[in-house]
Amino acid sequence: MVEALAVQLTQREGELMQEKAEVKKLANFLKQASEDAKKLVDEERAFARAEIENAKAAVQRVEEALQEQERTSRASGKQDLEELMKEVQEARRIKMLHQPSKVMDMEHELRALRAQLTQKSENSLRLQKELAISKRSLEKSSQPYELDGPEALGSYLRINPLSDDAIELSTCSIQWYRLSSDGANKELISGAIKSVYAPEPFDVGRFLQADIVFDGQRLTLTTAGPIDPAAGLGSYVEALVRKHDIEFNVVITQMNGVNHLSESIHVFHVGRMRIKLCKGKTTISKEYFSASMQLCGVRGGGNAAAQALFWQVKQGLSFVLAFESERERNAAIMLARRFAFDCNIMLAGPDDRAPLGT
């Protein structure tokens with residue numbers, strides 16, 4: 001099986017090199033096409049200027065001849081006037097018929113080449129991710145655990161044992177980290193100590209890593225690539241941000257760390273200067289953005305973690321809120337952080353050190 005995976009890995013690497021060569025060739029062709037288009041535009045402009053100058057000169061000659069003809073004789077100049085008028089019309093026709101059709105064709109061709117280059121780049125990234133997954137598959141034979149689940153916002157990752165001989169995860173020490181895309185910076189995710197972790201907006205574009213300590217040994221599991229954004233979430237947030245106050249239906253699952261048994265529907269209001277939690281006409285909590293406020297995705301806690309967030313209103317008061325969908329939860333986090341940033345507040349989770357405005 002290892003040999004088959006190695007052969008598959010070699011084939012993937014060959015495909016990747018071929019894709020890179022095609023992308024480079026396409027980029028060079030696009031650069032040459034851009035230069036040809038620029039040259040053609042310059043030539044067409046020069047030709048247009050020459051045509052316009054010729055037309056102006058012809059009009060001027062017609063006007064001078066017309067004045068001379070009127071001075072000599074109106075009767076005898078009728079025929080000459082008609083010929084001169086035809087010359088004027090011809091000059092105007094030349095000016096109006098000049099259209100940069102070749103340039104337009106070149107622009108359409110450039111658009112098609114850009115689209116093709118974008119598709120090639122996407123295919124290259126996909127092959128790189130598949131290559132990383134293949135490498136991980138080769139390493140699985142020596143590892144007792146693996147990361148399972150889509151590596152994207154709106155889903156959750158789970159640490160799964162690969163064999164029945166693997167030590168029970170409940171007896172292990174687990175800690176999740178987020179890594180920068182180049183791997184230079186490693187940030188501990190405070191409170192993420194469960195076998196399940198649901199990525200939140202701060203994690204998009206970064207790798208996630210889980211350290212497992214058992215029997216004095218440390219095992220590190222890392223995602224194959226950076227966490228991908230949720231499809232359509234950006235445009236959804238941009239549509240909501242136009243409103244002054246955005247409402248989300250939620251259920252309180254915890255209050256101050258204690259499970260909340262009631263499953264009644266509450267309304268989570270995200271405003272431009274404050275956040276409010278209501279039940280009907282009763283306000284449960286209301287607080288303006290401040291340095292003591294915290295907001296992030298729930299860090300661990302089963303399959304529903306992707307739909308829940310942690311909100312510390314202030315010191316001594318916190319809630320865990322479950323939303324109707326993953327998209328609603330992530331949109332609420334992004335909107336709250338955006339409005340808080342407008343108030344010069346970095347709204348994040350416990351001990352987070354993400355850049356302001358992330």
Specify the closest pair of heavy atoms between [X] and [Y], including all atoms of both residues, with the distance to one decimal.
X: Ser180; Y: Phe207; answer: O-CD1, 3.8 Å
X: Leu153; Y: Ala230; answer: O-CB, 3.6 Å
X: Pro150; Y: Ser155; answer: O-OG, 2.8 Å
X: Leu347; Y: Ala340; answer: CB-CB, 3.9 Å
X: Ala198; Y: Ala305; answer: CB-C, 3.7 Å
X: Ile212; Y: Ile159; answer: CD1-CG2, 3.6 Å

Donor-acceptor pairs are to be reported for all side-chain atoms of residues 281-289 against protein atoms at under 3.5 Å, with residues two or more places apart or in another chain.
none

**OP:** Under the side chain to side chain donor-acceptor pair (under 3.5 Å) rule, collect the residues that match up with Glu22, sequence neighbours excluded.
**Re:**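 Once residues adjacent in sequence are excluded, the partners of Glu22 under the side chain to side chain donor-acceptor pair (under 3.5 Å) criterion are Lys120.
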
Subject >> Under the side chain to side chain donor-acceptor pair (under 3.5 Å) test, residues paired with Gln294 that sit two or more places apart >> reply: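 For Gln294 there are no side chain to side chain donor-acceptor pair (under 3.5 Å) partners, ignoring immediate neighbours.
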
Original post:
Between Leu277 and Leu321, is a side chain to side chain contact (heavy atoms under 4.5 Å, CB included) present by the stated rule, with each step listed?
Top reply: CA-CA 10 Å; Leu277 181 64; Leu321 306 176; 4.2 Å; yes

So do [Y] and [X] actually touch side chain to side chain, heavy atoms under 4.5 Å?
X: Cys296; Y: Pro350; answer: yes
X: Leu40; Y: Glu35; answer: no
X: Val250; Y: Val267; answer: no
X: Asn256; Y: Leu317; answer: yes
X: Ile167; Y: Cys172; answer: yes

Below 4.0 angstrom, N of the basic side chain to O of the carboxylate: do [X] and [Y] qualify?
X: Lys186; Y: Asp211; answer: yes
X: Asp342; Y: Arg272; answer: no
X: Arg178; Y: Asp203; answer: yes
X: Arg337; Y: Glu200; answer: yes

**OP:** For the residue pair Gln254 and Asn259, confirm or rule out a side-chain donor-acceptor distance under 3.5 Å.
**Re:**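 Yes, side-chain donor-acceptor contact under 3.5 Å.
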
Original post:
Can Asn330 and Glu326 be counted as having a side-chain donor-acceptor contact under 3.5 angstrom?
Top reply: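 Result is no, nothing qualifies.
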
Is [Y] reachable from [X] through a run of I, L, V, M, F, W or Y residues, each pair having side-chain heavy atoms under 4.5 Å apart?
X: Leu208; Y: Leu179; result: no
X: Leu309; Y: Leu240; result: yes
X: Leu169; Y: Leu147; result: yes
X: Val298; Y: Val251; result: no

Distance, nearest 0.5 Å, that separates [atom1] of [X] from [atom2] of [Y]:
X: Glu187; Y: Asp351; atom1: CD; atom2: CG; result: 9.5 Å
X: Met255; Y: Ser318; atom1: CE; atom2: OG; result: 8.5 Å
X: Ile252; Y: Lys279; atom1: CD1; atom2: NZ; result: 8.5 Å
X: Ile275; Y: Leu335; atom1: CD1; atom2: CG; result: 10.0 Å
X: Thr171; Y: Asp215; atom1: OG1; atom2: CG; result: 7.5 Å
X: Glu43; Y: Asp36; atom1: CD; atom2: CG; result: 9.5 Å

Sidechain-backbone polar pair: [X] side chain, [Y] backbone, donor-acceptor under 3.5 Å:
X: Thr253; Y: Val320; value: yes
X: His266; Y: Ser264; value: yes
X: Gln312; Y: Leu295; value: no
X: Asn54; Y: Ala50; value: yes

**OP:** Start with the C-alpha gap between Asp182 and Arg206, add the side-chain angles, then the distance that decides, and say whether salt bridge (Lys or Arg N to Asp or Glu O under 4.0 Å) holds.
**Re:** CA-CA 9 Å; Asp182 58 2; Arg206 305 182 187 181; over 6 Å; no

**OP:** State which residue, out of Val196, Ile193, Ile189, fulfils the side-chain contact (heavy atoms from CB on, under 4.5 Å) condition with Arg299.
**Re:**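 Of Val196, Ile193, Ile189, side-chain contact (heavy atoms from CB on, under 4.5 Å) with Arg299 is met by Ile189 alone.
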
**OP:** Under the side chain to side chain contact (heavy atoms under 4.5 Å, CB included) rule, what do Thr220 and Thr222 come out as? Steps first, then yes or no, please.
**Re:** CA-CA 7 Å; Thr220 297; Thr222 308; 3.9 Å; yes

Subject >> Residue pair Glu238, Arg338: steps toward the salt bridge (Lys or Arg N to Asp or Glu O under 4.0 Å) verdict >> reply: CA-CA 11 Å; Glu238 288 302 320; Arg338 183 165 178 173; 2.6 Å; yes

Residues in ring pair (Phe, Tyr, Trp, His ring centres under 6.0 Å) contact with [X], at least two apart in sequence or another chain:
X: Phe214; value: Tyr145
X: Phe319; value: Trp311
X: Phe248; value: Phe323

**OP:** Apply side chain to side chain contact (heavy atoms under 4.5 Å, CB included) to Asn249 and Glu324, showing your working.
**Re:** CA-CA 7 Å; Asn249 291 331; Glu324 293 179 330; 3.4 Å; yes

Subject >> Ring-face cation of Arg327 near Tyr236 (centre distance under 6.0 Å, axis angle within 45°) >> reply: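 Cation-pi check for Arg327 and Tyr236: passes.
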
Original post:
Got a sec: does the CD of Glu64 have more than 12 other heavy atoms crowding it under 6.0 Å?
Top reply: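 Buried by this count: over 12 neighbours within 6.0 Å.
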
**OP:** Apply side chain to side chain contact (heavy atoms under 4.5 Å, CB included) to Val204 and Asp228, showing your working.
**Re:** CA-CA 6 Å; Val204 173; Asp228 295 325; over 6 Å; no

**OP:** Just do the salt bridge (Lys or Arg N to Asp or Glu O under 4.0 Å) check on Arg49 and Glu44 with the steps written out, would you?
**Re:** CA-CA 9 Å; Arg49 292 191 187 100; Glu44 289 290 340; over 6 Å; no

